[in-house]
Amino acid sequence: MSDIHTRTIHKRTCHICEANCGVLFETEGRKVISIKGNPDNPLSRGYICPKATAIADLQDDPDRLRTPVKRVGDTWEPMEWDDAYREIAARVAEVDPDGSSSAFYRGNPSAHDYALVLQSRHLQRAVGARRSYSASTLDQMPHHYVQYQMYGHVSLAAVPDIDHSQHIVILGGNPMASNGSLWTVPDFRGRVRELHNRGGTLTVVDPRRTETAKIADHWVPVKPGTDTALLIAILKSVLEAKPALRPGLAEVCDDGLDTVREAVAGFDIEKLSAFCGVAPEEIAALAKPFTGDEPAALYGRMGVSVCEFGALNQWLVQVINLASGNLDRVGGTMFPKPLFDLVGLNGRGAVSTVETARGTLPSVMGETPMVAFADEMLREDAGRIRVLFVQSGNPVLSAPDGLKTEEGLKSLDLMVALDPHITETSRHAHYILPPCGPLEKDHFNMFFGPLSVRNFGAYSKPTFEMEEGAKADSDIVEELAVAVHAAKNTSAPNIQTPREQLDAMLKASPAGMTLAEVEAMEDGVDLGPLEPCIKDRLRTDSGLIHVAPPELVADLARFTQSMAETADDALRLIGRRHVRSNNSWLHNSRRLVKGPDRCTLMIHPVDAEARGIVDGDTISITSQVTSVETTAEVTEDVMQGVVSLPHGWGHNRKGLSWQTAADHAGVSINDLIDTQRFDALTGNAVLNGIAVSVAARERAIAS
Ligand SMILES: Nc1nc2c(c(=O)[nH]1)N[C@H]1C(S)=C(S)[C@@H](COP(=O)(O)OP(=O)(O)OC[C@H]3O[C@@H](n4cnc5c(=O)[nH]c(N)nc54)[C@H](O)[C@@H]3O)O[C@H]1N2
Ligand SMILES: Nc1nc2c(c(=O)[nH]1)N[C@H]1C(S)=C(S)[C@@H](COP(=O)(O)OP(=O)(O)OC[C@H]3O[C@@H](n4cnc5c(=O)[nH]c(N)nc54)[C@H](O)[C@@H]3O)O[C@H]1N2
Ligand code: SF4
Ligand SMILES: [Mo]
């Protein structure tokens, strides 16, 4: 802990994104003097991105709430913690004693707070809430679904071994901005430089010439939502070039590859090519790394997950890596064996269905899809959500149809938000419970070890002592759980501290270390590069990879049908991430929002000209749901027929606490997106490829 006069260097893991970089915080008292990358961290090797500096802004944020608050009319009244717990618990017991009308929504920062993940389960049990929603059905359910079906565990992911690969092909991912997702790959730029130094190649398939496409050897534009065609075409080339599985893989696979071969045989390359807008020669070039012998990895991320065929796409990605012999191969895609083994410690997860206001929907990992969220609050029958806990999330800006989500939130009998701010979402809460600053919490990379490009784990101690009266997220949910049990007269279980639970789980993982041992290694525990290990990792009953799960093979027919539908000629709206932003919640950092407005609509010059739009014009974007206005950015970096607007903006709502964010409001892309479209297998929302018209503001809305 720091004392007021001395400067101290603290080592921690950055909690903002999945890259999990090691950071050095130099402090004097409670002041952060400098923030640098930790060169001794074997995973991130000294790299940090500009967002790391925002950690000091988050810690010192003058707008952040310091006590619980309660909404009274149009104002917020500060409260003591015990009073807040008692009042909330009494309301829970009164409104929904059995929990059947209660739900939780967990946002993205939850995944970066191991202690909150562990303790939040206790609050949900105390409330008895059976419905869980999270950002996962806006983001990644196709990955979990396919991992469950093929490998027998929702968390068993094969990640590209970029440090030893010769060819990396990325579909719908932009790690130069996102720093990698479901692929913990800090210093992506440096790792690509090394790939290039080895004579390797990087290819990016994306409707936008992204920051990643700009450092790649090839950029292949693709029509939004059509990657399935591209993937089928690549797979056909691979199956032709490599009719049999390589030894080593053949023994761990069932005979599903024959089924796959039959299922894709009828697809015609010319038709696939016309559908996705990628020429047959381009498709052949894309397939080449996978028909040759050098190690190669195919990786598909949000652009191919948050669409109508998310699971089908992720399955095809896996099958291409498998059939080309690159799965479980050095330089191909491999299963990490982390310090903390989610796969070994937890049950396999589940794939089932759930009854909702929208009828029966898929349910992966026990969740209800976010596309049903607003309707579940607005329904009028006994199934209505009446009590909602929003834990570190901002669904008004992050989930489709923000306006409908707000209507839903307004109809709740009790809403409790765990959030440092009065946000677009939490402004509808009856109570907001704010956690301490990020530097007052400890950290462990629970979910990201299993996704890292090295076998790795790291624990960081709190950098600062807790401010007086402050509480960590995990303490808040635990204390509230106890209060709810008391109000309902149910007996509270004996709840272990997060550290005790982490220690037990670390000991039960293959490396078998104690938390004390891990904590002593402040640069992280490096268990070395990824290694082939598929035999010990598979969790299917048969012990074999299910190459052709029937649900996925059957989904090819749904895709064939969609190819036959006539497409309209509307512009297609896609999202965009920027390295200085993170979803909705870093816009209160002055350091990060400075510079030109980032919430612009990128539009190709030909599309702009056709509408009389010039760069910098105020334009309106109209979808089925509503219209929003923003500034046009005319650029060839987005393909013709496609427009791009980032998500996470739209701080133009009233009554927010984040003043700097409100001064850089932007508009919310999710106000434009409806909840009707989703991936039929996983219920994941469709957030890209939205039909819109764009017009200069002064003119009538027409495209
Ligand atoms: N159109 C479109 N929509 C998208 C996406 C897209 O690409 N396009 N991306 C989707 C994806 S991938 C995701 S993950 C979701 C994210 O969706 P959400 O997780 O719902 O949204 P965030 O914007 O990350 O909001 C995080 C909230 O947590 C709060 N917060 C920050 N730190 C802490 C903390 O330490 N404790 C607590 N209690 N709260 C904290 C912030 O103030 C903020 O209100 O958005 C999705 N929405
Ligand atoms: N700086 C920053 N970093 C972040 C975040 C952030 O908001 N800002 N968010 C974090 C979170 S929660 C997540 S989940 C990850 C996401 O990490 P990524 O998936 O790497 O991030 P995106 O920028 O959403 O990349 C998706 C890409 O898909 C493209 N795309 C859209 N539609 C299609 C399509 O139909 N086909 C193809 N092939 N491509 C398409 C988009 O143009 C975009 O470049 O990033 C994380 N890291
Ligand atoms: S890439 Fe940036 S935001 Fe992500 S962990 Fe590293 S420093 Fe933090
Ligand atoms: Mo995400």
Side-chain angles (χ1 to χ4, degrees), residues 15-19 49-51 58 64 105-113 116 134-136 138-140 170-183 204-213 220-227 230 276 299-307 313 370 390-400 417-426 433-438 441 472-473 476-477 572-588 638 642 644-648 657-658 661 668-670 672-673 685 687-690:
H15 70 292
I16 294 178
C17 89
E18 299 177 45
C49 85
K51 288 187 293 303
L58 296 172
R64 148 163 100 71
Y105 170 75
R106 296 186 169 90
N108 174 261
S110 302
H112 298 278
D113 186 334
L116 174 58
S134 86
S136 294
L138 303 172
D139 168 345
Q140 63 196 52
I170 297 180
L171 273 89
N174 184 12
M176 282 296 287
S178 69
N179 287 291
S181 182
L182 301 182
W183 185 24
V204 172
V205 180
D206 200 298
R208 183 167 76 85
R209 194 200 319 254
T210 60
E211 297 70 14
T212 308
V220 180
V222 64
K223 286 188 204 163
T226 65
D227 299 77
L230 192 58
C276 63
Y299 163 78
R301 198 42 201 110
M302 277 205 70
V304 293
S305 299
V306 296
C307 62
N313 289 343
M370 280 303 284
V390 175
Q391 174 182 304
S392 48
N394 195 359
V396 168
L397 296 191
S398 59
L418 185 66
D419 204 290
H421 277 285
I422 305 171
T423 69
E424 298 72 12
T425 297
S426 66
L433 306 176
C436 60
K441 291 198 268 189
D473 287 280
I476 299 170
V477 291
R572 297 284 154 192
L573 177 66
I574 61 167
R576 176 164 98 236
R577 282 179 158 77
H578 190 282
V579 73
R580 299 170 71 84
S581 181
N582 197 55
N583 298 330
S584 75
W585 61 278
L586 290 184
H587 301 151
N588 212 47
V638 68
V642 175
S644 164
L645 185 71
H647 80 285
S657 69
W658 37 30
S668 177
I669 187 174
N670 284 315
L672 293 167
I673 303 178
L687 300 172
N688 288 313
I690 311 302

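Position 1 is the first residue of the sequence, and the numbers go up from there. In each ligand, atom 1 is the first atom listed, and ligand 1 is the first ligand listed. Everything numeric in this text was worked out from a predicted model, so none of it was measured.
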- Item | salt bridge (charged side-chain N to carboxylate O under 4.0 Å, His left out) assessment of R301 paired with D139 | CA-CA 9 Å; R301 198 42 201 110; D139 168 345; 2.3 Å; yes
- Message: What protein heavy atom lies closest to atom 1 (N) of ligand 2? Include the residue and the distance to one decimal.
- Response: H578 O, 2.7 Å
- Do L687 and L138 come within less than 4.5 Å of each other through their side chains, counting heavy atoms only? yes
- Item | Close approach, I669 and ligand 1, non-hydrogen under 4.0 angstrom | yes
- Message: Looking at ligand 2, is there an atom of it that comes within less than 4.0 Å of some heavy atom belonging to P207?
- Response: yes
- N108 heavy atoms within 4.0 Å reach ligand 2 at atoms 12 (S)
- Task: For G689 and ligand 2, answer yes if some heavy atom of the residue is under 4.0 Å from a ligand atom, otherwise no.
- Result: no
- Query: Between S392 and L116, which heavy-atom pair has the shortest distance, and what is it?
  - Reply: OG-CD2, 4.1 Å
- In ligand 2, which numbered atoms sit nearer than 4.0 Å to a non-hydrogen atom of G225? 34 (C), 35 (O)
- Query: Does any N/O atom on N582 come nearer than 3.5 Å to any N/O atom on ligand 1?
  - Reply: no
- Query: Among S178, P109, G648, which residue places a heavy atom closest to atom 47 (N) of ligand 2?
  - Reply: S178
- Query: Does P435 come within less than 4.0 Å of ligand 1, judged by its heavy atoms?
  - Reply: yes
- Task: Keeping the roles fixed (side chain from K51, backbone from N582), state whether a donor-acceptor pair exists under 3.5 Å.
- Result: no
- Task: Ignoring hydrogens, just give me the one of N583, L687, N688 whose non-hydrogen atom is nearest atom 12 (S) of ligand 2.
- Result: N583
- State whether the shortest distance between N or O atoms of P420 and N or O atoms of ligand 1 falls below 3.5 angstrom. no
- Message: What I want to check is whether the side chains of N179 and E18 have a donor and an acceptor closer together than 3.5 Å.
- Response: no
- Item | Within-shell test, K441 vs ligand 1, heavy atom, strictly < 4.0 Å | yes
- Answer with yes or no whether H421 contacts ligand 1, where contact means a heavy atom under 4.0 Å from a ligand atom. no
- Say whether H587 and S581, considering side chains only, have a donor N or O and an acceptor N or O under 3.5 Å apart. yes
- Query: At what distance is the nearest protein heavy atom to atom 33 (C) of ligand 2, and which residue and atom is it?
  - Reply: G303 O, 3.5 Å
- Look at atom 8 (N) of ligand 2 and say which protein heavy atom is nearest, naming residue and atom and giving the distance to 0.1 Å. S581 O, 2.6 Å
- Message: Tell me whether D473 has any N or O atom under 3.5 angstrom from an N or O of ligand 1.
- Response: yes
- Task: Examine the side chains of H15 and D113 and answer whether a donor and an acceptor come within less than 3.5 Å of each other.
- Result: no
- Item | Heavy-atom nearest option to atom 44 (O) of ligand 2, drawn from D206, V306, N179 | D206
- Query: In terms of residue, atom name and distance, what is the protein heavy atom nearest to atom 36 (N) of ligand 2?
  - Reply: D227 OD1, 2.7 Å
- Polar contact flag for S398 and ligand 1 (N/O pairs, less than 3.5 Å): yes
- Item | Nearest neighbour in protein (non-hydrogen) for atom 26 (C) of ligand 2 | G172 O, 3.3 Å
- Message: I'd like the name of whichever of R577, R209, R580 reaches closest to atom 22 (P) of ligand 2 through any heavy atom.
- Response: R577
- Any N/O pair N394/ligand 1 closer than 3.5 Å: yes
